[in-house]
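A short write-up of the structure that comes next.
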Amino acid sequence: MSLTVSPRGTYDIMPDQALAWQWMEINIREILVAYGYGEIRTPIFEHTELFLRGIGETTDIVEKEMYSFTDKGGRSLTLRPEGTAPVVRAYIQHKLHGQGGSTKLFYLGPMFRQERPQAGRFRQFHQFGVELIGEDSPVADAEVIVLAHELYRQLGLTGLEIYLNTVGCPVCRQEYKKALITSLKNSSDQLCPSCRLRLEKNPLRVLDCKEASCQALTAQAPSLHDFLCQDCRDHFQQVRKLLDQVQVKYKIQPKLVRGLDYYTRTVFEVINHDLGAQNAICGGGRYDGLVEECGGPSVPGVGFASGMERLFMTLEQKGLLPAFSRAPQVYIIPLSAELTTVSFEAAFILRQKGFKVELGYAPKSLKAQLKAANKSGAPLAVIIGEDEWQDRQVTIRQMYEGNQLRVDWADLAVQVAQLLPPAEQD
RNA sequence: GUGGAUGUAGCUCAGCUGGUUAGAGCGCCAGGUUGUGGCCCUGGAGGUCGAGGGUUCGAAUCCCUUCGUUCACCCCA
């Protein structure tokens with residue numbers, strides 16, 4: 001353990017990068033709001049029980065990835081590993097179902113999972129996500145998927161692939177599970193060790209295994225699609241039809257199942273194939289039983305979560321992050337200790353007028369301070385020295401051109417405004 | 001949790017099969033102007049070679065342990 005490095009799987013977003021993050025967040029919020037979603041900010045920790053119930057006790061997240069602790073009141077609490085369960089909890093707590101109609105909420109913030117870090121995977125990471133609660137129409141599913149698609153497109157991302165599937169409802173899925181178990185049982189010795197366990201606890205997950213031997217077996221196994229009840233079949237057809245209608249391309253992945261137990265019917269992921277092993281930048285689907293499971297009324301829901309680190313990496317990789325500058329507009333240079341007071345006042349005056357000002361603190365040599373001004377990227381330097389101050393004047397130097405002129409102290413702000421290059425005059 | 005790669009100055013890295021005071025580029029500081037940046041020149045600061053132990057006359061270099069990073073498995077965003 002070291003006191004001087006951040007804990008495993010965590011990292012600092014430094015000022016230059018923070019500008020890009022802010023840009024990304026602003027864009028996301030704007031688009032989500034335009035689609036009618038309202039932001040909700042839930043606590044970073046919740047009662048552990050919420051995630052046990054919501055995500056499912058046999059999922060990897062709950063079994064081995066949660067940051068849980070007991071507080072001094074003896075409560076078991078957990079740093080949220082995902083955003084849907086907390087939003088659903090808030091939905092129930094504030095009785096939003098009583099407002100009539102459907103509820104559209106979005107969140108954006110850090111999540112916590114104790115996994116082994118690798119490319120695109122962190123222990124504290126950020127997600128934004130939407131939840132559309134109270135609507136069982138396939139239009140809601142399609143709208144949520146299109147929202148994800150459009151959001152990425154508006155950020156400039158193309159070439160992402162949407163994987164789509166349906167996992168049926170509890171009724172038809174139960175039928176399918178039985179059939180799947182029967183099919184795999186005979187040759188279970190050919191399954192990988194973890195899939196043998198899955199066959200007992202969560203058989204659908206076997207479909208998702210990347211082990212060649214398991215894939216060979218599941219290729220022979222019956223398909224969930226053949227077991228769908230009529231309602232689920234129709235629902236899926238409708239979702240597809242709606243996506244086709246607006247020409248949002250997707251790829252049916254019959255074996256796509258997701259790691260959280262609450263999903264029903266529609267599930268989907270958005271993939272960036274250039275991202276390495278952790279290539280899903282968005283995942284979501286329908287969760288018709290979740291609100292009730294968490295102690296609320298029987299209300300359907302659909303939503304997605306998007307990993308912001310992965311989105312950031314994707315934007316960076318494709319050169320879609322704008323260049324940001326933290327350069328000041330004016331750099332103030334005091335040339336003697338006696339003039340620090342005046343310099344301080346100059347910075348104050350200019351900042352009040354709305355200029356971005358950097359102030360030289362110690363009266364070092366002009367050379368050293370001009371060097372600092374140059375490094376700061378400021379287009380203007382204000383030099384305050386004895387010579388000009390005798391006449392109650394200061395020197396303004398245009399750094400790009402190398403020109404400079406003396407102006408009256410009283411005219412400082414006006415002159416600065418005039419001398420700034422056109423791009424800086426907003 | 002498992003496996004591979006890796007850990008030398010602020011950054012990017014070089015240091016061959018172990019041999020005396022550990023290097024480069026960039027960056028930083030200072031000087032080359034008595035009040036003028038960017039280019040150039042000169043000088044300087046800065047490293048317990050991730051940590052601990054072992055082998056050896058001698059270890060950045062070999063061995064073990066440990067921690068971190070990274071990639072993959074797993075899982076997921």
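Order of the sequence lines fixes the chain letters, A, B, ..., with proteins taken first and strands second; residue numbering starts at 1 for each chain.
Heavy atoms of Ala119(A) sit under 4.0 angstrom from primed sugar atoms or phosphate atoms, though from no base atom. Gly83(A) comes within 4.0 angstrom of nothing in the nucleic acid, heavy atoms only. Counting any heavy atom pair closer than 4.0 Å across all strands shown, Phe122(A) reaches a base atom.
Between Thr10(A) and Gln124(A), the side chains place no donor N or O within less than 3.5 Å of an acceptor N or O (distance only, hydrogens not considered). Side chain to side chain, Tyr152(A) and Thr314(A) fail the donor-acceptor criterion of an N or O pair below 3.5 Å. Looking only at atom types and distance, the side chain of Ser76(A) has no donor-acceptor partner in the side chain of Glu49(A) under 3.5 Å away. At a cut-off of 3.5 Å, with distance as the only test, no side-chain donor of Thr42(A) or Arg89(A) sits close to an acceptor on the other residue.
Atom CZ of Phe69(A) is surrounded by more than 12 heavy atoms from other residues, nucleotides or ligands within 6.0 Å.
Listed by residue number, Gly276(A), Ala277(A), Gln278(A) are the residues of residues 265-279 of chain A with a heavy-atom contact under 4.0 Å to RNA chain B. Less than 4.0 Å separates RNA chain B from at least one heavy atom of each of the following residues of residues 28-66 of chain A: Asp60(A), Glu65(A).
Of the candidates Val407(A), Ile396(A), Leu359(A), Val357(A), Ile396(A) is the only one forming a side chain to side chain contact (heavy atoms under 4.5 Å, CB included) with Val382(A).
Residues satisfying the salt bridge (Lys or Arg N to Asp or Glu O under 4.0 Å) criterion with Lys353(A), sequence neighbours excluded, are absent altogether. Scanning for side chain to side chain contact (heavy atoms under 4.5 Å, CB included) contacts around Pro363(A) gives Ala337(A), Thr340(A), with sequence neighbours left out. Applying the salt bridge (Lys or Arg N to Asp or Glu O under 4.0 Å) rule to Glu82(A) yields no partners; only residues at least two apart in sequence or on another chain are considered. Listed by chain and residue number, Thr78(A) satisfy the side-chain hydrogen bond (donor to acceptor under 3.5 Å, both in side chains) test with Ser68(A) (two or more places apart in sequence, or in another chain). The side-chain hydrogen bond (donor to acceptor under 3.5 Å, both in side chains) search around Arg240(A) returns Tyr250(A), not counting sequence neighbours. Residues passing the side chain to side chain contact (heavy atoms under 4.5 Å, CB included) test with Ser137(A), sequence neighbours excluded: Glu135(A), Val139(A).
A salt bridge does not link Asp387(A) with Arg406(A): every distance from a Lys NZ or Arg NE/NH1/NH2 to an Asp or Glu carboxylate oxygen is 4.0 Å or more. In summary, Arg53(A) and Glu293(A) engage in a salt bridge, as defined by a charged side-chain N under 4.0 Å from a carboxylate O.
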N/O-N/O pairs, protein side and nucleotides 38-45 of chain B side, under 3.5 Å:
from	atom 1	to	atom 2	distance (Å)
G38(B)	O4'	Asn374(A)	ND2	3.2

Under 3.5 Å, N/O pairs linking protein and nucleotides 31-35 of chain B:
from	atom 1	to	atom 2	distance (Å)
G35(B)	O6	Asp387(A)	N	2.7
G35(B)	O6	Asp387(A)	OD1	2.9
G35(B)	O6	Asp387(A)	OD2	2.7
G35(B)	O6	Glu388(A)	OE1	3.1
G35(B)	N1	Glu388(A)	OE1	2.6
G35(B)	N2	Glu388(A)	OE2	3.1

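Only the C1' atoms considered, U48(B) is 31 Å distant from U42(B), to the nearest whole Å. Taking atom P on both nucleotides, C74(B) is separated from U56(B) by 45 Å, rounded to a whole Å. Between U36(B) and A30(B), the two P atoms lie 15 Å apart (nearest whole Å). Here the separation of A59(B) from U12(B), taken at their P atoms, is 29 Å to the nearest Å. Straight-line distance between the P atoms of U2(B) and U65(B): roughly 14 Å, to the nearest whole Å. A distance of about 35 Å separates the C1' atoms of C39(B) and U21(B), rounded to the whole Å.
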Secondary structure of RNA chain B per the Watson-Crick/G-U criterion (both distances under 3.5 Å; [ ] crossing, | other strand, . unpaired) is (((((((..((((.....[...)))).(((((.......))))).....(((((..]....))))))))))))....

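Residue pairs meeting the side chain to side chain donor-acceptor pair (under 3.5 Å) criterion with at least one member in residues 12-24 of chain A, sequence neighbours excluded, are Asp16(A)-Arg326(A).
For Arg121(A) against C74(B), a side-chain N or O and a base N or O form a donor-acceptor pair under 3.5 Å. A donor-acceptor contact under 3.5 Å is formed by the side chain of Gln118(A) with the base of C74(B).
Summary of the strand contacts: Pro7(A) and Gly307(A) both lie near RNA chain B, and taking for each the nucleotide with the nearest heavy atom, the more 5' one is attributed to Pro7(A).
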Give the intermediate values and the outcome of side-chain hydrogen bond (donor to acceptor under 3.5 Å, both in side chains) for residues Tyr35(A) and Glu143(A). CA-CA 10 Å; Tyr35(A) 271 75; Glu143(A) 191 188 35; over 6 Å; no

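Glu115(A) has its side chain out of reach of Asp60(A): every pair of non-hydrogen atoms, C-beta onward, lies at least 4.5 Å apart.
Rounded to whole Å, atom P of A77(B) lies 17 Å from atom OH of Tyr11(A).
Look at Arg8(A) and you'll find a side-chain N or O under 4.0 angstrom from OP1 or OP2 of U69(B).
Here the nucleotide nearest the side chain of Leu370(A), chosen from G37(B), A77(B), A72(B), is G37(B).
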